[in-house]
Structures are given as C-alpha cells and as structure tokens.
**Student:** 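Have a look at this one.
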Amino acid sequence: MARQRASLKRLSMGYVYLSRRATFESTPNPIALALERLQKRGIKPLDLTQSNPTLAGFRYRDDAIRAAVSAPDVMIYRPSPEGAWQARQAIAEYYRERGCPVEPEAVLLVSGTSEGYAYLFKLLGDPGDVVLVPKPSYPLLEYLATLESLELRRYELVFCDRWQIDFDSLEYAIDDRTRAIVIINPNNPTGSYLKRVELVSLLELARARHLVLVVDEVFSDFPLELPPDAVTSVAGLDAGPIIVLSGLSKVAGLPQMKASWLVVGGPNDFRREITGRLAFIADTYLTVGTPVQAGLPVLLELRREFQAQARERLRHNLERLRALAATKSACRLLPVEGGWYAVLQLPPGIDEESWVLALLEEEHVLVHPGYFYDFAGAACIIVSLLCEPAEFEAGLERLGRHLPA
Ligand SMILES: Cc1ncc(COP(=O)(O)O)c(C=O)c1O
C-alpha cells in the first residue's frame with residue numbers, strides 16, 4: 001500500500017531510459033511514513049488491515065501440506081503449459097461441487113491471480129487498449145494494466161442500500177478500444193456480489209460491444225450476508241465470453257503456494273481459441289512450480305478446514321464491528337455480503353486521511369482509508385475481518401474511543 005500511481009513520464013538515468021509503463025513513483029504515502037516512524041520508536045500498532053491468512057492465527061494441517069508438496073515425483077520436470085492434469089481435474093471438481101459445470105480442459109494454472117490478469121491483458125488488448133474496472137475496488141489492478149501498456153478506465157459501483165453496478169457509467173466508459181470488463185465477485189473491499197439482473201445486462205453488453213468479462217472470484221467462497229439474488233460464481237457459464245480467476249491464496253488460505261487458475265467459459269469456439277492462446281502465453285513463462293502442481297489436489301481438499309475457520313472468524317469479527325457501529329450513530333457500517341473486508345462510513349466533514357493518521361499516531365491502530373480503494377463521496381475506513389479476534393477486539397476498542405459518539 002506504499003505504492004503510488006504510475007507517473008507516466010519516462011525516467012532517464014542519465015545514460016539509459018526506462019519504459020514508461022514500469023516507471024512508478026516510489027515515495028511512500030503518509031500512512032506508510034507514519035508506520036515507519038512508529039516502528040522506529042519500537043511501537044507495533046494493532047493492525048486491523050491484516051489479511052494474510054498465514055499470519056492470522058489459523059490452524060493449518062502442516063504435515064499434510066508439507067507431504068502434499070513433497071511427493072517423490074516432484075523431482076521430475078515435465079512441464080505442461082496449462083498445468084498438471086490432476087491439478088486441473090481437482091479444480092474442475094471443486095467447481096462442480098459448487099454447482100458450476102467446469103471441465104478440466106477449461107482450467108489453466110498460473111502462479112497468482114496477478115499473473116492471471118497479466119496473461120489476460122496480454123491476450124485481450126494491444127498497447128493503448130482499454131480495460132474497465134470497478135470503482136471502488138482492488139488497487140493493484142491499475143499497476144497490472146499499466147504494466148501491460150493498457151489503459152485502465154473505471155466504472156462506478158454505487159451504494160444505495162446495497163452496492164450495485166452503475167450501468168450508465170459502465171456504458172459511458174466503453175469505446176472502440178475497450179476490450180474487457182473486470183468484475184470482482186464479491187468485490188474487494190465493498191464485499192458486494194454480482195446480482196442476477198446485473199449478470200444478464202453484462203452478458204448483453206459483452207455481446208453487443210464484443211467485450212470479454214473477466215471475473216475475479218477469489219473471495220466467492222466467503223459469503224456473509226448473502227442476498228438471494230447474488231451470483232456466487234460464473235465459472236463454466238456458456239452464455240457469453242467469461243473468464244474466471246481464483247486461486248489457493250484465498251480459497252485455501254495458502255498465498256505462499258503461488259497457485260491460482262483461470263477458468264475459460266463461453267461458447268465452445270471461444271473456449272477453444274482462448275485456452276489455446278493462453279496456453280501459448282503460459283508456455284512462454286512456465287511459472288507454476290512442480291511441487292505445488294503435484295500437491296494441488298490435496299491442498300484444495302484442505303480448503304474445507306481453512307474455510308470453516310475463516311467463515312467463523314469473519315462472522316464473529318463482523319458481529320463485533322456491528323456492535324461497535326451500533327453505539328456510534330454518526331457512523332455507518334455498510335452491509336457485508338461477503339469477502340474479508342468491511343467498510344465503515346465516517347461522520348460527514350471528516351478528512352479521511354488525517355483521521356486515519358491520527359488513529360495510527362494517537363491510538364496505534366492501523367486501518368485503511370477509503371481512498372486507497374478509490375472510494376468517492378463519504379469518508380470511510382476499511383478493516384479486515386480476517387484479523388485474529390483478540391487483536392481485532394483490542395483495535396475496535398481503541399477505534400471506538402477515536403470515533404465521535
Ligand atoms: C480482488 C483480489 N484479487 C486477487 C488478489 C490476489 O490474489 P493472489 O494472491 O492470487 O495474487 C487479491 C488480493 O487481495 C484481491 O483482493
């Protein structure tokens with residue numbers, strides 16, 4: 001989060017030039033600077049942004065995990081661009097269990113969701129072409145698009161009792177260079193799932209404007225206040241050109257394994273063409289390690305234990321946050337349909353960044369300001385519901401002291 005936006009200027013080092021797309025400002029933001037100052041004073045703030053599951057006190061089956069990635073055949077290198085067949089079968093099975101008709105042939109392994117986006121952006125756009133992403137949402141998308149020389153344009157999600165896609169802003173953002181619409185389902189950090197009517201409209205739009213729907217479902221296994229019209233996954237849907245991204249990082253709480261996947265949906269000719277081309281891109285890099293490919297069926301199976309713990313924790317922490325918000329009538333906790341984050345709107349008139357800095361400096365509690373995720377309108381903060389409950393509760397108590405009554 002210490003990153004800054006790309007400064008689209010060419011950096012000269014005096015004797016060589018670097019590409020514009022990789023020229024990012026490296027000045028840390030004020031919150032990263034304040035954290036550094038606290039660190040120098042030996043102060044470790046309560047971190048309400050912790051969303052790394054391996055540092056959040058979950059119980060993992062260490063022995064089973066180690067055994068899964070240490071089978072004897074991991075000593076042999078037999079690269080396959082799409083990924084090991086057993087791994088692709090296990091992923092297809094995971095989707096079938098969720099009611100999604102996914103065939104192993106439609107699954108392609110990548111080393112992370114970010115790499116999945118990079119492959120898709122290479123495949124779908126030429127330099128200067130446009131991808132549309134939701135606002136607010138996951139900040140890394142800007143870097144991922146810029147690094148592929150694509151222009152990122154935003155369409156709005158609006159909150160009106162619940163979050164929904166503003167189709168006027170979406171259609172307005174589409175032009176002849178637009179290639180794809182990215183949907184995050186459920187979105188980070190608004191937690192909002194795609195709704196059935198929205199999916200129908202998106203499919204119509206994709207068909208009419210020749211666009212691909214890229215749907216990031218890394219958080220889709222974590223529903224909290226799930227509305228009846230939510231679409232929990234679009235994997236395997238043949239109604240239009242849809243590519244789904246997900247991975248072990250969130251599904252099994254194993255980000256260190258570096259194994260994610262793409263699932264290509266849509267009509268047969270689209271599937272064949274896209275999987276073939278993606279395999280060509282993947283063959284150029286061959287990034288996914290043999291041990292994790294071999295272990296993936298077991299690692300994916302172990303998701304059940306992680307997910308049971310994570311869901312319980314997300315629910316518990318959400319309840320605590322709701323109890324706090326109930327005592328602060330000037331604040332508003334927005335509904336959390338799913339995912340790992342919650343959004344708390346601050347009373348009108350508050351300057352988001354100064355408020356978050358003061359909370360950090362005076363109470364030693366770290367939260368994210370809404371602007372990190374491109375929120376417009378009312379000031380808000382974002383907290384991770386995945387935090388260890390003891391730290392979360394201690395943090396909420398101090399947050400409560402800092403919030404106006
Ligand atoms: C919406 C979204 N997609 C993808 C990722 C990253 O996933 P991975 O660890 O597989 O790169 C994140 C990480 O927080 C995320 O919020």
Side-chain angles (χ1 to χ4, degrees), residues 1 3 51-54 81-83 87-88 90-92 94-95 98 100 102 106-125 131-134 136-148 150 152 180-191 193-194 212-222 232-236 242-265 274-275 278-279 281-282 285-289 292-293 296 299-300 303 306-307 310 338-341 372-373 384 386:
M1 280 300 178
R3 293 152 172 270
S51 57
N52 176 347
T54 64
E82 297 90 346
R88 296 165 74 202
I91 293 163
Y94 152 77
Y95 280 106
R98 297 179 59 197
C100 304
V102 171
V107 177
L108 187 123
L109 296 195
V110 283
S111 68
T113 318
S114 296
E115 187 177 72
Y117 276 114
Y119 285 8
L120 291 177
F121 291 169
K122 283 184 220 304
L123 175 69
L124 302 174
V131 286
L132 306 181
V133 304
S137 82
Y138 179 46
L140 207 63
L141 289 168
E142 169 151 7
Y143 301 95
L144 292 167
T146 306
L147 286 170
E148 299 305 327
L150 298 190
L152 182 130
I181 305 175
V182 174
I183 297 121
I184 304 185
N185 185 40
N187 187 37
N188 169 6
T190 61
Y193 278 90
L194 194 61
V212 174
L213 303 180
V214 172
V215 188
D216 177 337
E217 296 189 340
V218 295
F219 293 113
S220 72
D221 277 326
F222 302 94
T232 51
S233 178
V234 295
I242 297 183
I243 305 173
V244 167
L245 295 135
S246 192
L248 287 186
S249 168
K250 310 289 188 283
V251 169
L254 294 170
Q256 75 278 38
M257 292 298 164
K258 303 304 298 173
S260 297
W261 53 82
L262 302 171
V263 181
V264 184
I274 296 288
T275 42
L278 282 171
I281 297 174
Y285 299 95
L286 293 170
T287 56
V288 192
V292 74
Q293 296 199 45
L296 197 136
L299 301 179
L300 197 50
R303 77 183 182 281
F306 169 71
Q307 289 190 5
W340 291 4
Y341 304 94
F372 274 14
Y373 301 85
S384 164
L386 205 71

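Side chains included, hydrogens not; waters and symmetry mates left out as well; all remaining heavy atoms used.
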**Student:** Ignoring hydrogens and angles, tell me if any N or O in the side chain of E217 forms a donor-acceptor pair with the backbone of V234 under 3.5 Å.
**Tutor:**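 Checking the backbone N and O of V234 against the side chain of E217, a donor-acceptor pair under 3.5 Å is found.
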**Student:** Using the side chain to side chain contact (heavy atoms under 4.5 Å, CB included) rule, take W261 and L108 through it: C-alpha gap first, then chi angles, then the decisive distance, then the call.
**Tutor:** CA-CA 6 Å; W261 53 82; L108 187 123; over 6 Å; no
**Student:** First locate atom CG of L147, then atom OH of Y117, and finally report the distance between them rounded to the nearest 0.5 Å.
**Tutor:**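 Interatomic distance, L147 CG to Y117 OH, rounded to 0.5 Å: 14.5 Å.
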**Student:** Checking the side chain of N187 only, and the main-chain atoms of P136 only, is there a donor and an acceptor separated by less than 3.5 Å?
**Tutor:**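 Such a contact is found between N187 side chain and P136 backbone.
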**Student:** Check the pair I243, V215 against side chain to side chain contact (heavy atoms under 4.5 Å, CB included), reporting the backbone distance first and the verdict last.
**Tutor:** CA-CA 6 Å; I243 305 173; V215 188; over 6 Å; no
**Student:** If every non-hydrogen atom of S220 is compared with every non-hydrogen atom of N185, which pair is closest and at what distance?
**Tutor:** CB-O, 3.5 Å
**Student:** Where do S114 and L140 come nearest, in terms of heavy atoms and distance?
**Tutor:**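 Shortest heavy-atom contact: OG-CD2, 3.5 Å.
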**Student:** If you measure from CG on L262 to CD1 on I274, what distance do you get to the nearest 0.5 Å?
**Tutor:** 10.5 Å
**Student:** Rounded to the nearest 0.5 Å, what's the gap from CD1 on I242 to OG on S233? Could you check?
**Tutor:** 9.5 Å
**Student:** Regarding E115 and T287, do their side chains bring together a donor and an acceptor under 3.5 Å, going by distance alone?
**Tutor:**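 Looking only at side-chain atoms, T287 and E115 do form a donor-acceptor pair, the distance falling under 3.5 Å.
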**Student:** Do the side chain of S260 and the main chain of T113 share a donor and acceptor less than 3.5 angstrom apart?
**Tutor:**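 Checking the backbone N and O of T113 against the side chain of S260, a donor-acceptor pair under 3.5 Å is found.
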**Student:** Indicate yes or no: at least one non-hydrogen side-chain atom of S137 is less than 4.5 angstrom from one of Y373.
**Tutor:**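 No; the side chains remain at least 4.5 Å from each other.
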**Student:** Are V107 and E82 packed together at the side-chain level, in the sense that at least one heavy-atom pair is separated by less than 4.5 angstrom?
**Tutor:** no
**Student:** Is the shortest heavy-atom distance from the side chain of L248 to the side chain of V292 under 4.5 Å?
**Tutor:**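 Result yes, sub-4.5 Å side-chain heavy-atom pair found.
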**Student:** Check whether Q307 reaches the backbone of V251 with its side chain - one donor and one acceptor, N or O, closer than 3.5 Å.
**Tutor:** yes
**Student:** Taking it one step at a time, do D221 and R303 satisfy salt bridge (charged side-chain N to carboxylate O under 4.0 Å, His left out)?
**Tutor:** CA-CA 10 Å; D221 277 326; R303 77 183 182 281; 5.2 Å; no
**Student:** Between I91 and L296, does the side chain to side chain contact (heavy atoms under 4.5 Å, CB included) criterion hold? Intermediate values first, please.
**Tutor:** CA-CA 9 Å; I91 293 163; L296 197 136; 3.7 Å; yes
**Student:** Give a yes or no answer on whether the side chain of Q293 reaches the backbone of V288 with a donor-acceptor pair at less than 3.5 Å.
**Tutor:**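 Here the side-chain-to-backbone pair exists.
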**Student:** What closest approach, in Å, do G83 and R88 show between heavy atoms, and which atom pair accounts for it?
**Tutor:** O-CD, 3.3 Å
**Student:** I'd like to check I181 versus V214 (side-chain heavy atoms, cut-off strictly below 4.5 Å). Are they in contact?
**Tutor:**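 No - every pair of side-chain heavy atoms lies 4.5 Å or more apart.
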**Student:** I need the minimum non-hydrogen distance between G338 and Y193, along with the two atoms involved.
**Tutor:** CA-CE1, 3.8 Å
**Student:** Could you walk me through whether L254 and F306 pass side chain to side chain contact (heavy atoms under 4.5 Å, CB included), step by step?
**Tutor:** CA-CA 9 Å; L254 294 170; F306 169 71; over 6 Å; no
**Student:** Find out whether W340 and P53 are in side-chain contact, i.e. whether some heavy atom of one side chain is under 4.5 Å from a heavy atom of the other.
**Tutor:** yes
**Student:** Decide yes or no for L245 and V218: does some side-chain heavy atom of the first lie under 4.5 Å from some side-chain heavy atom of the second?
**Tutor:**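 Side-chain contact under 4.5 Å: no.
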**Student:** Side chains of Y341 and S51: is there a donor and an acceptor less than 3.5 Å apart?
**Tutor:** yes
**Student:** Might you point out which heavy atoms bring P81 and A279 nearest each other, and give the distance in Å?
**Tutor:**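 Between these two residues, the closest heavy atoms are CB-O, 3.3 Å.
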**Student:** If we only count heavy atoms from C-beta on, is the Y95 to V244 side-chain gap below 4.5 Å?
**Tutor:**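 Counting from C-beta outward, Y95 and V244 do come under 4.5 Å.
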**Student:** Could you tell me whether the side chain of L132 reaches within less than 4.5 Å of the side chain of V182, counting heavy atoms only?
**Tutor:**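 The answer is no; the side chains never approach within 4.5 Å.
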**Student:** Short question: side chain of N188, backbone of T190 - any donor-acceptor pair under 3.5 Å?
**Tutor:**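 Such a contact is absent between N188 side chain and T190 backbone.
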**Student:** Could you tell me the separation between the CG atom of L278 and the OH atom of Y119, rounded to the nearest 0.5 Å?
**Tutor:** 9.5 Å
**Student:** Can you name the nearest heavy-atom pair linking V131 to A145, along with the distance?
**Tutor:** CG2-CB, 4.2 Å
